[in-house]
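What follows is a set of notes on a single structure, which appears directly below.
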Number of protein chains: 2
Amino acid sequence: MKRNSRLSLALHTLGHMAVNPRKMRTSAEIAEHAGTNPVVVRRVLGKLRQAGLLISEKGHAGGWQLAREPQEITLADIYLALDESLIATGRTEEPSRCSVEHALHQKVASVMADIEKSLIERLASTTIAEVGGAESGHL
Amino acid sequence: MKRNSRLSLALHTLGHMAVNPRKMRTSAEIAEHAGTNPVVVRRVLGKLRQAGLLISEKGHAGGWQLAREPQEITLADIYLALDESLIATGRTEEPSRCSVEHALHQKVASVMADIEKSLIERLASTTIAEVGGAESGHL
DNA sequence: CATCACGAAACTTAAATAGTTACGAGAATA
DNA sequence: TATTCTCGTAACTATTTAAGTTTCGTGATG
Ligand code: FES
Ligand code: FES
């Protein structure tokens, strides 16, 4: 697994959960499907839990589950829960003494903000129920 | 200097060039202003030269210069010349056997493609002449 | 022909991310 | 109550990517 895999992992996992929302999944199971490590899974899903998308329980019958109906969870919810903006705008800049740099940064930051907003709108139009759709896979 | 600084460096440099298009700048001068290394500057500007935005010349009076008028160079030109998509869509995926993953990837890739197109349109609406604008800075 | 600048290759350093190990806490089961 | 299962978290290692550096060759100028 490579870079920026957190979003992929989250989307994939919740896509499967949408197919079978009642099933309790352990991080070990999920990790095996995703070809990664249980701890990595817990790290990523932990953020989704913080955002109120997932519920986790400890102990014997423990594991992970959707916190609400699949129709009520959009791709934007997942994207925002991870707060790792795909739109990388250079970096956080200190106040530059150079006016050209400053003007540029203003312009680019403004464009990027619009673009991210538009990205979120697009993602918000699809739920995990739709994308997990007609599926009877092995997870 | 950190990550994804190539675009920043390119924009900043061309912004200054737009203010004073006749001046020949050496990579050493540019590097000093940008707080980086001449070789890094040549690497980045080299891509802009390949894209036909800049001209470089060797020798005594050598250095870098705009290949055309500042009014004819947009931020999109620069972005595209570097071809380092800010929109990181997970990664190049091998054909996945998992239909959920496949559906997800299709959806996300489609959204990302739209978003990038829209980003380029936005960037194309500003030229470096505009952003370098009313400037008499020290470069 | 000496100098200056780019071009490019090779290498080193630094940062970010994923992966791993390890252990504690809570919940169900026996 | 003891055992077992699973999450939560911290600390560490490994991998990957980008930036920075060194070095040498080439062409142009004076
Ligand atoms: S991974 Fe999507 S199915 Fe097992
Ligand atoms: S850096 Fe923009 S002015 Fe020197």
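Chain letters run A, B, ... following the sequence lines, proteins first, then strands; residues in each count from 1.
Hydrophobic cluster membership is shared by A/L82 and A/L11, with clusters built from Ile, Leu, Val, Met, Phe, Trp and Tyr side chains linked at under 4.5 angstrom. If you chain together hydrophobic residues whose side chains sit under 4.5 Å apart, B/L80 and B/M112 fall into the same group.
In this structure, the side chain of A/T26 engages the main chain of A/E29 through a donor-acceptor pair within 3.5 Å. Between the side chain of B/D114 and the backbone N or O of B/V111, no donor-acceptor pair lies under 3.5 Å. Listed for the B/T13 side chain is a donor-acceptor partner under 3.5 Å among the backbone atoms of B/L9. Judged by distance alone, with hydrogens and angles left aside, the side-chain atoms of B/E116 form no donor-acceptor pair with the main-chain N or O of B/S85 at under 3.5 Å. Checking side-chain atoms of B/S125 against main-chain N and O of B/R122 turns up a donor-acceptor pair under 3.5 Å. Looking only at distances, no side-chain donor or acceptor of A/E72 sits under 3.5 Å from a matching main-chain atom of A/E69.
For the pair A/R6 CZ and C/dG19 P, the computed distance is 11 Å after rounding to whole Å. With rounding to whole Å, B/I30 atom CD1 is found 18 Å from C/dC4 atom P. Residue B/M24 contributes atom CE, which lies 11 Å from atom C1' of C/dC6 at whole-angstrom precision. D/dT21 atom P lies 13 Å from atom CD of B/E32, rounded to whole Å. The nearest whole Å value for the distance from the NZ atom in A/K47 to the P atom in C/dA18 is 11 Å. To the nearest angstrom, C1' of C/dC6 lies 14 Å from CD of B/E29. The nearest whole Å value for the distance from the CG atom in B/L82 to the P atom in D/dA19 is 10 Å. The CG-C1' distance, from B/N37 to C/dC11, rounds to 13 Å in whole Å.
For B/E32, the CD atom counts as loosely surrounded, since its 6.0 Å shell holds 12 or fewer non-hydrogen atoms of other residues, nucleotides or ligands.
The side chain of B/R42 lies closest to C/dC6, out of C/dC6, C/dA18, D/dG8. Comparing D/dA19, C/dT20, C/dT17 against the side chain of A/V40 picks out C/dT20 as the nearest. Each of D/dT6, C/dA9, C/dA18 was ranked by its minimum atom distance to the side chain of B/V39; first place goes to C/dA9. In this structure, of C/dA18, D/dG20, C/dG19, it is C/dA18 that holds the atom nearest to the side chain of A/S5. Candidate nucleotides D/dC7, C/dT3, D/dA18 were compared by shortest atom distance to the side chain of B/H60, and C/dT3 ranks first.
A rotation axis mapping the C1' atoms of four pairs onto the next four is fitted at both ends of the helix from C/dC1-D/dG30 to C/dA30-D/dT1 over five pairs, and the angle between these axes is 0° to 10 degrees.
In this structure, B/E101 does not pair ionically with B/K107, as no charged nitrogen and carboxylate oxygen lie closer than 4.0 Å.
Each of A/G59 and B/S27 has a nearest nucleotide on DNA chain C; the 5'-most of these lies closest to B/S27.
Side-chain N/O atoms of A/T26 include none lying less than 4.0 angstrom from OP1 or OP2 on D/dT6.
In this model, a side-chain donor or acceptor of B/R43 finds a partner on the base of D/dG20 within 3.5 Å.
A heavy atom lying under 4.0 Å from DNA chain C marks the following residues of residues 49-58 of chain A, by number: A/K58.
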